[in-house]
2 protein chains.
Amino acid sequence: MVEELPLAQRPLAELPLDSIIMQDCVSAMRALPAKSVDMIFADPPYNLQLGGDLSRPDGSHVDAVTDDWDKFDSLAAYDKFTREWLTEARRILKDDGAIWVIGSYHNIFKVGSAIQDLGYWILNDVVWRKSNPMPNFKGTRFTNAHETLIWASMGEKARYTFNYRSMKTLNDELQMRSDWEFPVCGGQERLKRGGVKVHPTQKPEALIYRILLACTKPGDVVLDPFFGTGTTGAVAKRLGRRWIGIEREADYCSAAIERIEAALPLDESALKTMQSPKAAPRVAFGTIVENGMLVAGAVLTDAKRRYRVTVRADGSVMSGDTTGSIHKLGSVLQGAPACNGWTFWHYETPEGLKPIDDLRQTYLLATQI
Amino acid sequence: MVEELPLAQRPLAELPLDSIIMQDCVSAMRALPAKSVDMIFADPPYNLQLGGDLSRPDGSHVDAVTDDWDKFDSLAAYDKFTREWLTEARRILKDDGAIWVIGSYHNIFKVGSAIQDLGYWILNDVVWRKSNPMPNFKGTRFTNAHETLIWASMGEKARYTFNYRSMKTLNDELQMRSDWEFPVCGGQERLKRGGVKVHPTQKPEALIYRILLACTKPGDVVLDPFFGTGTTGAVAKRLGRRWIGIEREADYCSAAIERIEAALPLDESALKTMQSPKAAPRVAFGTIVENGMLVAGAVLTDAKRRYRVTVRADGSVMSGDTTGSIHKLGSVLQGAPACNGWTFWHYETPEGLKPIDDLRQTYLLATQI
DNA sequence: ATTTTTCCTGAATCGGCAA
DNA sequence: GTTGCCGATTCAGGAAAAA
C-alpha cells in the first residue's frame, strides 16, 4: 500500500495550475504544497497612507488609491502582514526558486528588510523608471518617478534561474542593467469597465514580461499572491509558463479570467498597448518582440528567401541549432564577417516581404515625438 | 545670575563648524547639542558581505571594498548599529531638519526600515543611476547600475526645506525626478595617494551638490557622520553652507582637510542666481485697481470665458451676489478647493484675453528697480 | 479623411501663516 | 489645536473632439 507522501513531496500535479484562488492571500498560500513553485511575483499593497484630497493645478481631482485593501492600522501591522505572507511564500517556493516583489518607498524598505530577515538572499534591486509618471502637483518634493523591485533567491548558497543571454540579447548585446524604463499602464492595455479603471494599480505587461523572461524557464510555475487583474497570468500564458493567482476581490478575479482567456499571441494592436522607452536612440530587436510587434515563433527570411530564422521570445533568432542575434545569424548563415540584421531580415506581410527595419522605424515613430 | 541653558537650547556657536571630529560616529554625535543641525547627509558602511575575490574576464583583479569598517558580525549587528546612529542623528537634527542616507540593496532596506520605525517621515527615495557602472563580470545577475538614497523629514507634519525652483531650473524647466544620472567618481575628482585611491567608495561631488542645493539654505549646517574623504565638506564649502564631519580614520581625515582647503567657494552672486527667485513681494489685487491698471466695473473672465466677475473699487470681485477675493471667486465658481486668481482670471485687450498676472508683473517692474 | 487642438489621467504619504 | 484666507502648483501620452 502506498503511503501518503509528506507535504513537501506532493506532486506538482496537485497545484491548481492556470487558475485563480479567490481567497485571502495568506490562507490560500497555506493550502499550497511546500517547495512546489518556481517563482513568486508579488505586488502587495503599498500602505500609502494618503492625506486629504489632492488637486491638480488646473483644479481637477486626482484619483488616488483609496481602496480598503491598502489600509493598515499601523506601520507595525503592515510589517506583520508582510512577514506573514513572505514566510508562506518561502515555504511554497522550491529550493532553487526565486521571489520578485515590487513596491514604492512607502513599503519597499519594510519588504526588503523582512526578506533579508527571513533568510532570502537579495540578488538585485531593480528600478522601474516611469517614462510618464504623475508629476508632483504641489511642487513640494521630487517627482516620484520610479518604483523598486527586489529579486531574491532562497538563500546565500541557493541556485536560481537567470537567463543571462536572453537579457543581453534583449538589451542589444549589452548587459541588462538594474534600471528599466517603461511607461505606466494606460491606453488599450489598461482594463476598464464602463470607462472606469478596474484596478487602481495595474502593472504594465512589459515589466512582468522581462521578469518572467529573465528568471523562469518555459513550463515553470509562477505564483502571484496579489493577482489583481491578472497581468502575471496573461504574460505567463504568452510566454508559455504556468501560473497560479491568488486574489480576494471577485471583481478583479472576473476581469482577470476574461483577460487571460483573451490573451493571444500579440497582433498589431499590441503596438499601441505597450509603448516603451523613448530615450534610447538605439533599438534592440528584443524591444520589438517585447512590444509584440513580432511574436516569438515568427519566421524571418532574407529578401530572396534563401535563408530563414525563427524569432525567439528574448529577441534572439534561431536556425537549426544555431542561435544568436539578428546580426550574428545573418553573418553566420551567409558566411560573411558581419551583417546588419535590421536590413537583411524580412517579415511576411499582406503586401509582401518587408525589412524588419520598418518595424524599428515604426517603433521609433511611435515612441519618439 | 544666568542659569546654564538646557542642552536643547545651547547656542549654535558651540558646534564645531567647518571641522572634522576624528572619532567613532555614535560617540561623536552624542557630544553634539540637540536640535542643532539643519541636515545630515550619511553614507554609512554598506555591509557588503562579499564572498571570495572577484576577477574580471581578462583575469585582472577587482579591487573590492574589504575594509574593516564594512564588516559586521551579522545582519542583526548591522541593524543595531544602524538604529544607534539614526537615533543620535534624530536627536541632533532641528525640528525642521532633514536627513539623506545613501546605500545599496545590501543595506538600504535596513536603513529605510529603521528610518520609518524611528519616526522620520520619508519624503522621497531617489535613485542614483550610474552612467558607467561596473559590469557584472560573472553574468549571473543584472548589472548593479544604481544606488538608492532616502530623504526624510523629522516627522509626518514636520517642515523641511525644498528649493523647488532651483531643482526645476537645474532640470531645464521640468520638475526634478526621483532618478538622477551621474557617472561614478573617477578621473581628476578621485582622490589618490601614490596612484592608489584613498577611499574605496568616494561619492561624486555632483550628487552631493544636488542634494545640498535642493534641501539646504545658504549658511545651513550640514553634518556628515561618515565623512570619509570629505565630499560633503568640499561641496558645502562651495555652496556657502557650514559643515561638520565625523570620521574615525586618520588617513581619510587628512585627505579630507587637504581637499576642503583647496575647494573654492562660489561667490555670493553665483549662489544667488541658483536660489529660487525670492518670492516676489506680494501685490494685492486692490493695488492694481488703486493704480488704475484696471478700473472698478471692469469684467474679468477665465481663459475660456466660462466664468465672469466684475471688479469692485476695493479690489474684491463680484459674481451675482457672491463677492470675495480673486482667488476665492475662482475657487467658488469652479467648485474647486483652491484657485490662483492671478493666473485664472483674464482681462480683455486689443490682442485678446490676457491673465491679470501680467498686470502684476508690469506693476512689479514699474515699482522695483 | 486628415490634421490640429483639447481633454483626460497615472500607487501621491503634495502649504503657510495669522488670528 | 483650529479655522480661514492667500496664492503657489503639472508631465507625458493616448484618446476624443474639433477644424
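Proteins come first, then strands; the chains are lettered A, B, ... in the order of their sequence lines, and each starts at number 1. For clarity, every value in this text was computed on a predicted model and none was experimentally measured.
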Nearest to the side chain of B:Arg360, which nucleotide is it out of C:dA11, C:dC14, D:dA8?
-> D:dA8

Salt bridge check: are B:Glu173 and B:Arg165 linked by an N-O gap of less than 4.0 Å?
-> yes

Roughly how many Å is it from CZ in B:Arg165 to C1' in D:dT10, rounded to a whole number?
-> 12 Å

Do A:Glu181 and A:Lys130 sit within salt-bridge range, that is, some charged N less than 4.0 Å from a carboxylate O?
-> no

Any donor and acceptor pair, going by atom type alone, linking the side chain of B:Asp179 with main-chain N or O of A:Arg129 inside 3.5 Å?
-> no

Which stems, defined as runs of 3 or more consecutive Watson-Crick or G-U wobble pairs with both pairing distances under 3.5 Å, involve DNA chain D?
-> C:2-10 with D:11-19, C:15-19 with D:2-6

Below 3.5 Å between N/O atoms, which protein atoms pair up with nucleotides 15-19 of chain C? Just atom names and distances, please.
residue	atom	partner	partner atom	Å
C:dC17	OP2	B:Arg159	NH1	2.6
C:dC17	OP2	B:Arg159	NH2	3.4

With the criterion being N/O to N/O and under 3.5 Å, what pairs connect the protein with nucleotides 8-10 of chain C, and how long is each?
residue	atom	partner	partner atom	Å
C:dG10	OP2	A:Lys197	NZ	2.5
C:dG10	O5'	A:Lys197	NZ	3.3
C:dG10	N7	A:Arg56	NH2	2.6
C:dG10	O6	A:Arg56	NE	3.1
C:dG10	O6	A:Arg56	NH2	3.2
C:dG10	N2	A:Asn132	O	3.3
C:dG10	N2	A:Pro133	O	3.1

With sequence neighbours excluded, what pairs up with A:Glu84 under the side chain to side chain donor-acceptor pair (under 3.5 Å) test?
-> A:Lys80

Thinking salt bridges, do A:Lys197 and A:Asp63 make one under a 4.0 Å N-O criterion?
-> yes

Nearest whole angstrom, please: distance from the C1' of C:dC14 to the CZ of B:Phe162.
-> 11 Å

Heavy-atom side-chain proximity of A:Thr140 to B:Tyr160 below 4.5 angstrom = yes

NA contact type, B:Ile122, heavy-atom cut-off 4.0 Å: base, sugar-phosphate, or nothing?
-> base

Take the protein atom CZ of B:Phe285 and the nucleotide atom P of D:dC5, then report the distance between them rounded to whole Å.
-> 18 Å

Any salt bridge between B:Lys94 and B:Asp96, counting N to O under 4.0 Å?
-> no

Where the side chain of A:Leu48 is concerned, which of D:dC11, C:dA11, C:dA12 is the nearest nucleotide?
-> C:dA11

Give one of base, sugar-phosphate or nothing for B:Ser325, where a contact means two heavy atoms less than 4.0 Å apart.
-> sugar-phosphate

So, the side chain of B:Ser319 versus the backbone of B:Thr322: is there a donor-acceptor pair under 3.5 Å, distance only?
-> no

Would you mind classifying the nucleic acid contact of A:Gly103 as base, sugar-phosphate or nothing, using non-hydrogen atoms under 4.0 angstrom?
-> nothing

Within the pair A:Gln49 and C:dA11, is there a side-chain N or O less than 4.0 Å away from OP1 or OP2?
-> no

Give A:Thr201 one of three labels, base, sugar-phosphate or nothing, depending on what nucleic acid heavy atoms sit under 4.0 Å from its own.
-> base

Side-chain N or O of B:Lys168 less than 4.0 angstrom from OP1 or OP2 on D:dT9?
-> no

Closer to the 5' end of DNA chain D via nearest nucleotide, is it B:Asn340 or B:Lys328?
-> B:Lys328

Partners meeting ring pair (Phe, Tyr, Trp, His ring centres under 6.0 Å) with B:Phe162 (sequence neighbours left out) | A:Phe142, B:Trp151

Give a yes or no on whether a salt bridge exists between A:Lys71 and A:Asp68, defined as a side-chain N under 4.0 angstrom from a carboxylate O.
-> no

Spacing between A:Phe182 atom CZ and C:dA11 atom P, to the nearest angstrom | 15 Å

Would you classify B:Asp357 as touching base, sugar-phosphate or nothing, given that sugar-phosphate means primed atoms plus P, OP1 and OP2, and contacts are heavy atoms under 4.0 Å?
-> nothing

Scan residues 109-125 of chain B for pairs that pass side-chain hydrogen bond (donor to acceptor under 3.5 Å, both in side chains), counting only residues two or more places apart or in two chains.
-> A:Lys110-B:Ser113, A:Lys110-B:Asp117, A:Ser113-B:Lys110, A:Asp117-B:Lys110, A:His146-B:Asp125, B:Arg83-B:Asp117

Taking OP1 and OP2 of D:dC6, is either one under 4.0 Å from a side-chain nitrogen or oxygen of B:His327?
-> no

P-based separation of D:dG7 from C:dA12 [nearest Å] | 30 Å

For C:dA11 and D:dC6, measure between their C1' atoms and round to the nearest Å.
-> 31 Å

Against the side chain of A:Arg141, the closest entry in D:dT10, C:dC14, D:dC6 is C:dC14

Atom C1', compared across C:dC14 and C:dG10: separation rounded to whole Å = 15 Å

Determine yes or no for a side-chain-to-main-chain donor-acceptor pair under 3.5 angstrom, with B:Thr216 supplying the side chain and B:Leu212 the backbone.
-> yes

